[in-house]
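Quick notes on the structure that follows.
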Amino acid sequence: MIDELNEILKNRRIKLEQLRARNINPYPYRFERTHMSSQVVGNFDLLEANGIAVRLAGRLMSIRSHGKTLFAHIKDSGGLIQIYLRKDDVGEEMFEIFTLFDLGDIIGVEGTVFRTKTGEITIRVAQFELLTKALRPLPEKWHGLQDKELRYRRRYIDLIANPEVLEVFKARTKITNLMRQFLDERGFLEVETPVLQPVYGGTNARPFETHLNALDLKLYLRIADELYLKRLVIGGIEKVYEISKDFRNEGMDRNHNPEFTMLEFYWAYADYNDLMKLIEEMYFRVATLVLGTEKIIRGENEINLAPPFKRMPYFKAMAESVGEDIFDADEKQLQEIMTARGMTLPTSRIFGRGAYLDELCKELVEPKLIQPTFLVDYPIELSPLAKKHRANPRLVERFELYVDGVEYGNGFSELNDPDDQRSRFQGQQAGRKPGDLEAHPVDDDFLFALDHGMPPTAGFGLGVDRFVMLLTGCHSIRDVIFFPIMKPEPEIQSLDKEIL
RNA sequence: GCGCCUUUAGCUCAGCUGGUAGAGCAACUGACUCUUAAUCAGUGGGUCGCAGGUUCGAUCCCUGCAAGGCGCACCA
């Protein structure tokens with residue numbers, strides 16, 4: 001059977017058997033480490049001066065053999081460190097055993113530290129042992145793993161071959177931790193609300209559907225957390241947030257993965273003005289603690305996240321970009337403006353006047369918002385869950401935050417008038433085809449909850465993946481998600497199948 | 001969804017509008033007791049993404065399919 005294996009796999013299998021023949025367990029149970037590679041580097045002077053023996057474990061990343069001696073690098077989570085083996089140190093038999101090791105194997109070593117004549121901190125190995133035999137080779141040492149498809153499908157190899165990948169994910173964790181910390185400090189309570197919901201809502205999007213056998217019930221994977229978090233506000237949790245996966249059954253591209261991470265928080269007795277102050281503080285704090293600076297280079301632009309961010313009224317921005325005030329423009333007039341500019345008519349899921357406004361805003365306004373800007377006071381047509389503007393009933397107290405032409409957050413004074421909410425839901429349904437899953441459904445249970453009284457509340461949502469992209473300089477959402485959705489790989493074969 | 005592009009050894013890539021494939025690294029054999037993209041000498045390794053078509057002959061030209069990337073459009 002082994003004869004039919006690829007030569008490289010075959011050689012590793014042969015070495016595995018040779019090791020077993022020498023009574024070496026290729027998969028032992030544990031290894032006592034005294035140091036990480038980074039600790040050896042950090043404490044080198046002390047370790048060297050006192051001749052202290054250190055024990056490290058890691059993956060073999062390179063081997064340079066020189067007859068009766070060899071150099072190698074092993075990698076642990078502290079980084080790479082060089083090891084030095086001499087036949088007269090470890091003995092002839094052990095030196096021979098090392099030749100049965102391959103790149104990618106995981107080994108443990110014990111020895112003293114020294115500096116080579118070229119200055120590299122190195123462990124002079126007195127003893128070593130195999131901790132895990134690898135049966136497949138690592139990618140090429142110099143170019144690493146370049147193929148993006150393989151990097152996403154086999155992220156474990158990507159992490160081994162391309163160490164900078166891990167830095168992005170460390171930053172990701174730091175970012176979510178900092179947002180948690182920021183909200184916790186201010187008395188917000190982190191909660192978990194249902195992923196499986198009988199009625200989806202909180203935004204316009206097409207959901208995933210599933211089925212609960214026990215109740216013979218159709219359920220949807222959540223598209224947003226909003227309506228459940230607001231129920232909790234009604235229940236008296238005055239500051240509440242959730243960081244969670246949401247699911248939208250829509251297109252995929254470098255900004256969209258079907259499952260993605262949202263932060264949403266709700267703050268009772270506050271309005272959207274309070275919210276903007278809090279948000280700019282949070283973005284500034286997270287950015288400076290992650291990056292060490294409030295300045296981000298994004299393409300040609302240097303973006304400054306120091307508050308306060310600019311506030312720009314929606315229709316003022318539109319007037320500046322379109323060249324005329326369009327607050328009173330009707331659907332037909334908006335259509336003419338678009339046609340005059342050679343713009344295609346909207347295909348978006350939003351209907352009526354809102355669709356044209358949305359299209360004009362995306363095309364003409366958003367790309368210009370490079371420095372952090374709150375676009376404020378949206379038309380009511382676009383915002384079925386936001387409260388009417390206190391000074392103008394055709395607007396809502398809503399803002400979206402734009403940085404580098406991309407939206408990085410959406411907040412508003414929450415609509416808490418149950419009758420208004422009911423009619424907005426109904427307005428959303430009007431003119432839509434029955435069964436259109438993108439329409440915001442009427443959530444009677446939520447309306448029932450609202451009838452009990454939700455305090456004045458401000459709420460905010462943020463796409464965490466996008467925010468991580470902004471702060472890490474990644475241009476694809478797949479670079480900030482360990483295992484982005486991929487079509488199944490039909491050719492993948494386990495080693496068993498390759499043997500058969 | 002539409003357009004453009006990619007798919008060749010384990011990895012990174014060459015391959016001339018057609019004559020059944022090359023390099024580096026990795027692997028294997030040998031030399032070498034401070035190397036570091038170690039070096040030197042030698043050896044093996046391929047269903048050229050899949051399926052058809054054109055042709056005496058296809059990695060190359062044509063069609064279809066698959067997976068992926070990049071633009072555009074939509075949402076976060």
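Model, not experiment: these values are computed from the prediction. Letters A, B, ... are given to chains in the order of the sequence lines, protein chains preceding strands, and every chain is numbered from 1.
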Using whole Å, report how far [atom1] of [X] lies from [atom2] of [N].
| X | N | atom1 | atom2 | result |
| --- | --- | --- | --- | --- |
| A:Arg254 | B:C74 | CZ | P | 14 Å |
| A:Lys117 | B:U35 | NZ | C1' | 9 Å |
| A:Lys10 | B:A9 | NZ | P | 19 Å |
| A:Glu140 | B:C13 | CD | C1' | 10 Å |
| A:Ile8 | B:U29 | CD1 | C1' | 16 Å |
| A:Ile223 | B:C74 | CD1 | P | 19 Å |
| A:His66 | B:A31 | NE2 | C1' | 13 Å |
| A:Arg153 | B:G69 | CZ | C1' | 12 Å |

Under 3.5 Å, is there an N or O donor on one side and an acceptor on the other linking the side chain of [X] and the base of [N]?
| X | N | value |
| --- | --- | --- |
| A:Asp102 | B:A26 | no |
| A:Gln82 | B:U35 | yes |
| A:Asp147 | B:U12 | no |

Would you say the side chain of A:Tyr266 lies within less than 4.5 Å of the side chain of A:Glu226, judging by non-hydrogen atoms?
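Of all side-chain heavy-atom pairs linking A:Tyr266 with A:Glu226, at least one is under 4.5 Å.
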
At 4.0 Å (heavy atoms only), tell me whether [X] reaches a base, stays on the sugar-phosphate, or touches nothing.
| X | answer |
| --- | --- |
| A:Ser62 | nothing |
| A:Asn257 | base |
| A:Arg12 | nothing |
| A:Arg151 | nothing |
| A:Gly409 | nothing |
| A:Asp253 | base |
| A:Tyr152 | sugar-phosphate |
| A:Asp246 | nothing |
| A:Gly67 | base |
| A:Lys362 | sugar-phosphate |

I want to verify a distance call: between [options], whose nearest atom is closest to the [X] side chain?
| X | options | answer |
| --- | --- | --- |
| A:Arg64 | B:U35, B:U33, B:U12 | B:U35 |
| A:Lys487 | B:U33, B:A27, B:A67 | B:A67 |
| A:Glu359 | B:C74, B:U33, B:A27 | B:C74 |
| A:Glu120 | B:A27, B:U33, B:U35 | B:U35 |

Ionic contact status for [Y] with [X], cut-off 4.0 Å:
| X | Y | answer |
| --- | --- | --- |
| A:Glu359 | A:Lys362 | no |
| A:Glu281 | A:Arg285 | no |
| A:Arg311 | A:Glu280 | yes |
| A:Asp479 | A:Arg254 | no |

Determine the minimum heavy-atom distance between A:Gly202 and A:Leu385, stating which atoms define it.
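Result for this residue pair: O-CD1, 3.5 Å.
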
[M] and [N], which share atom name [atom1], separated by this distance in whole Å:
| N | M | atom1 | result |
| --- | --- | --- | --- |
| B:C62 | B:A26 | C1' | 38 Å |
| B:C50 | B:C11 | P | 15 Å |
| B:G19 | B:G24 | C1' | 27 Å |
| B:U59 | B:C72 | P | 37 Å |
| B:G15 | B:A51 | P | 25 Å |
| B:C60 | B:U8 | P | 13 Å |
| B:U12 | B:G1 | P | 28 Å |
| B:A21 | B:G45 | P | 13 Å |

Distance under 6.0 Å and angle within 45° of ring axis: A:Arg248 vs A:Phe260:
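Output no; distance or angle outside limits.
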
Is the backbone of A:Ile481 close enough, under 3.5 Å, to the side chain of A:Arg155 for a donor and an acceptor to pair up by distance?
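Looks like yes, one N/O pair under 3.5 Å.
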
Does a sphere of radius 6.0 Å around CD in A:Glu164 hold more than 12 heavy atoms from other residues, nucleotides or ligands, not counting ones at 6.0 Å or beyond?
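Yes, the 6.0 Å shell around CD holds more than 12 heavy atoms from other groups.
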
For A:Met262 and A:Arg478, find the nucleotide of RNA chain B closest to each by heavy atoms; which residue's nucleotide sits nearer the 5' end?
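Comparing both residues, the 5'-ward one is A:Arg478.
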
Relative to the 5' end of RNA chain B, which residue comes earlier, A:His73 or A:Phe260, by the nucleotide with the nearest heavy atom?
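Its nearest nucleotide lies further toward 5', so the answer is A:His73.
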
Go through RNA chain B and write down every stem, that is, every run of at least three consecutive Watson-Crick or G-U wobble pairs with distances under 3.5 Å, as range with range.
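The stems that RNA chain B takes part in, listed by first number, are B:1-7 with B:66-72, B:10-13 with B:22-25, B:27-31 with B:39-43, B:49-53 with B:61-65.
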
Could you check A:Met486 against A:Arg478 for side chain to side chain contact (heavy atoms under 4.5 Å, CB included), going step by step and ending with a plain yes or no?
CA-CA 10 Å; A:Met486 306 283 282; A:Arg478 296 183 150 198; 3.2 Å; yes

